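These notes concern the structure reproduced below.
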2 protein chains.
Amino acid sequence: MRENKSERIRIKDIALKAGVSVGTVDRVIHGRSGVSESSKKKVEEILKQMNYQPNMYASALASNKKYNFSCLLPLHTQEDYWMDIEAGMRHAVGMYKDFNIRLNISYYDQYESGSFAKEGKKMIATMPDGVIMAPSSEDETMSTVLQLKEKNIPFVFIDSNIRSLNPLSFYGQSSHSSGYFAARILSLMAEHNEPVVIFRLIYDGRLGSNQQRNREEGFREYIQNNCPDIKLYELNFYVKNPENNDKIMEDFFLAHPEVNCGITFNSKAYIIGEYMQKINRKGFKMMGYDLLRRNVKCLKEGTVDFIIAQQPTEQGQSCIECLFEHLILKKEIKAYNYMPITLISKENIDFYLDAHLRTNNI
Amino acid sequence: MRENKSERIRIKDIALKAGVSVGTVDRVIHGRSGVSESSKKKVEEILKQMNYQPNMYASALASNKKYNFSCLLPLHTQEDYWMDIEAGMRHAVGMYKDFNIRLNISYYDQYESGSFAKEGKKMIATMPDGVIMAPSSEDETMSTVLQLKEKNIPFVFIDSNIRSLNPLSFYGQSSHSSGYFAARILSLMAEHNEPVVIFRLIYDGRLGSNQQRNREEGFREYIQNNCPDIKLYELNFYVKNPENNDKIMEDFFLAHPEVNCGITFNSKAYIIGEYMQKINRKGFKMMGYDLLRRNVKCLKEGTVDFIIAQQPTEQGQSCIECLFEHLILKKEIKAYNYMPITLISKENIDFYLDAHLRTNNI
DNA sequence: TGTACCTTTGTGTGCGCACACGGATGATTT
DNA sequence: AAATCATCCGTGTGCGCACACAAAGGTACA
């Protein structure tokens, strides 16, 4: 026989106190029909009075339900920011394995109009219980969101947000603010208000991502407000013609030998870092985004000075947790979750990789 | 009747496959006696072959055990770094409430020799299942650790580490590295290698904490290696005589009007920030540690430029998680967990407070 | 007044696991 | 050969909850 009972409040206790069967209490808790008004009142009273908190683990165990989460991300290469997001999601799913959660990731081509909607439709056809998406443009994303809302499937946005589409939650960085912060740091590096070059990545004649544009806006805003004397150059690379990158830089620096400070708002700071390494130019001050392996290498070798990270692993993890808490634990969800803007240099990088590893290995 | 069974591997399956009773499987899993060698072999075989992962939530539910965690921290005021650590621990305990975990926090006086050992003894007398401690000096901590080891009670160190005492795990920041990193940032602020003043907090004739000393060492190491021309002044405040602080600064800046840049390795950067505010001196460049409310205020008002944070909330949370995973989930534990060294300024502070809030509210 | 149908209520079983208990088996003693 | 003891093994019950099903009560209509 068991003694030493837990002092948890159980359904049984409530039933006893209210003078009804456990079935009735159960029905009230789950808002199911089949309960008279009077019983309902009684039970709700006791429920509140005893501040009943169900044991969600026992609940999940008993319900024996399975959950399918779906995720829609941009197509990406192995070595990428998005990989870390996926790793974070997979890690979280692993943590919740006893709740029968499955994750299905599919991809869309962010440069092909219609791709998002097409993949979105396919995804919805599988009737997932919850959805995570990195939204495309508002127009592209709209139709998928409408279908989700119609079917009452909760969805969270990751990386970038479209407020008007009203997701359950959003996890990502404020690009504008991160550009603003980057400017503060860069302005410290740019002594005597020396000029700065902005390296950009162009796809089909326009900036490759919204993030890139928003960060640059934030950056320019800070410069405008605080050190308008800094002259800003722009240098464009073309996604489709990476073989020209070196020539582009060579020409630029020939024409502007006085420029000794640069920043890029995409994740490819290593293009510049590796070039400097190659031509053996020291002391060019450089900032960029995201802890890609090649960026980290440049950081450690000193060809990139600072990287701003946006915690992709945490983002992925948090999105899964969000759906989990909403669907299984039925908690309140915070709608906007901006990730911290973290500055990383040679001197503190190890402790980020450490946290990274920790997240991925346990 | 239930259909749609989970495809989890259950004890029953193992028993079926191995041709033994569930009781036997159970005994093998828990390493209990009462199993013949042959049965044990059989079960272990099947166990491995099927890669059995027990459902820890069901397990916790069935075992119905209670866990008492104890925590020993330095005495502190309400408005402090340690408060955030406590908040993090409380939050984590709340998350695990369905596992019957209780947390008991007690305090020692870090300035009174013998206090740690005394409080440690009291704590151990309550026979906790796991312990979290912010260690005092090695000598002071030793006796408590020996008792814990004897009783086989796992303990984790928080904030600072003593490797030789071999804790289950450590969560905290590398003070040396964080000083080193601080130097990199400060050297960017100190134009033309201008001089820098180090503000210190003295207690009974020596530095108030190990953290303070280690950070300063790291700081000096960077300066030595990278910009030895920067002249470093020191300015001491006395914990017991805070009323003299203003006079001390006044005298110093009168004697050294050229000093326009400072740093402190304790959490009281606001002493300087608020002084600058008071005498209405603008443009003094200042760095410090920890997101105390008064520091945040200085940051936002511009009297402190940068703060290095050490994620106290996460530290507290992680310590509880660590004990939880060790005792209940029986996972492998990573021994050293250095927290990221994060740089915070007016421009990115909001996103840290946000994360902070998130952690504390959900 | 009986039948059909809907609403309300109670009970029993199972989720995956832990653990107490009692029965079976074999070895050792008197 | 009976009694004692240790080791091994199977079963039953419960953790807190969800849900199917059956039973009971109520309302409406012929």
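Only a predicted model underlies this, so the values are computations on that prediction, with no experimental measurement involved. So that the names make sense, note that chain A is the first sequence line, chain B the second, and so on, each numbered from 1.
- The residue B:Ser33 sits apart from the nucleic acid: no heavy atom pair falls under 4.0 Å.
- Within 4.0 Å (heavy atoms only), B:Asp26 reaches at least one base atom of the nucleic acid.
- Residue pairs meeting the ring pair (Phe, Tyr, Trp, His ring centres under 6.0 Å) criterion with at least one member in residues 38-65 of chain B, sequence neighbours excluded, are A:Tyr57-B:Tyr57, A:Phe99-B:Tyr57, B:Tyr57-B:Phe99.
- Distances shorter than 4.0 Å separate some side-chain N or O of A:Arg32 from OP1 or OP2 on D:dC19.
- Rounded to whole Å, the distance from CG on B:Asn55 to C1' on C:dG14 is 14 Å.
- Between B:Tyr52 atom OH and C:dG16 atom P the separation is 10 Å, expressed in whole Å.
- Closest approach to the A:Ser59 side chain among C:dC15, D:dC17, C:dC17 is made by D:dC17 (side chain taken as heavy atoms from C-beta onward).
- Residue whose closest nucleotide on DNA chain D sits further toward the 5' end, between B:Arg27 and A:Pro54: B:Arg27.
- When the side-chain nitrogen and oxygen atoms of B:Tyr57 are compared with OP1 and OP2 of D:dC17, none of them lie within a distance under 4.0 Å.
- The ring of A:His76 has its center no closer than 6.0 angstrom to the ring center of A:Tyr81.
- B:Ile11 comes within 4.0 angstrom of sugar-phosphate atoms only, judged by non-hydrogen atoms across all strands, and of no base.
- Sorted by first then second residue, the salt bridge (Lys or Arg N to Asp or Glu O under 4.0 Å) pairs that include residues 24-36 of chain B, not counting sequence neighbours, are B:Asp26-B:Arg32.
- Atom NZ of A:Lys12 and atom P of D:dG14 are 8 Å apart (whole Å).
- Between B:Glu86 and B:Arg90, at least one side-chain N (NZ, or NE/NH1/NH2) sits under 4.0 Å from a carboxylate O, which counts as a salt bridge.
- For the 3.5 Å distance criterion, the side chains of B:Thr141 and B:Thr144 fail to qualify, holding no donor opposite an acceptor.
- Here C:dG16 is the nucleotide among C:dT9, C:dG16, D:dC17 with the atom lying nearest to any side-chain atom of A:Asn64.
- Ranking D:dA18, D:dG16, D:dC15 by closeness to the A:His30 side chain, first place goes to D:dA18.
- Out of D:dC8, C:dC17, D:dC17, the shortest distance to the side chain of B:Ser36 is found at D:dC8.
- Aromatic ring centres of B:Tyr338 and B:Phe170 lie closer together than 6.0 Å.
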Contact list (N/O, under 3.5 angstrom) for nucleotides 23-28 of chain D vs protein:
none

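- Separating the NZ atom of A:Lys97 from the P atom of C:dC15 is a distance of 19 Å, rounded to the nearest angstrom.
- Nearest nucleotide to the B:Leu61 side chain, out of C:dG10, D:dG10, C:dG16: C:dG16.
- Listed for the B:Asp13 side chain is a donor-acceptor partner under 3.5 Å among the backbone atoms of B:Arg10.
- For the pair A:Leu16 CG and D:dC17 P, the interatomic distance rounds to 14 Å; values are reported in whole Å.
- Here the C1' atom of nucleotide D:dT7 and the CD atom of B:Glu37 are 13 Å apart, to the nearest Å.
- Here B:Val22 lies in heavy-atom contact (under 4.0 Å) with a base.
- Distance from the side chain of A:Ser63 is smallest for D:dA18 among the nucleotides C:dC17, D:dA18, C:dT9.
- Nucleotide C:dG16 holds its P atom 10 Å from the NZ atom of A:Lys66, rounded to whole Å.
- Between the CZ atom of B:Arg10 and the P atom of C:dA18 there is a distance of 14 Å, rounded to whole Å.
- Between A:Pro128 and A:Ile124 the shortest heavy-atom distance is CD-O, 3.9 Å.
- Between A:Ser39 and C:dT8, a side-chain N or O to OP1/OP2 separation shorter than 4.0 Å is absent.
- Residue B:Ala58 places its side chain closer to C:dG16 than to any other of C:dG10, C:dC19, C:dG16.
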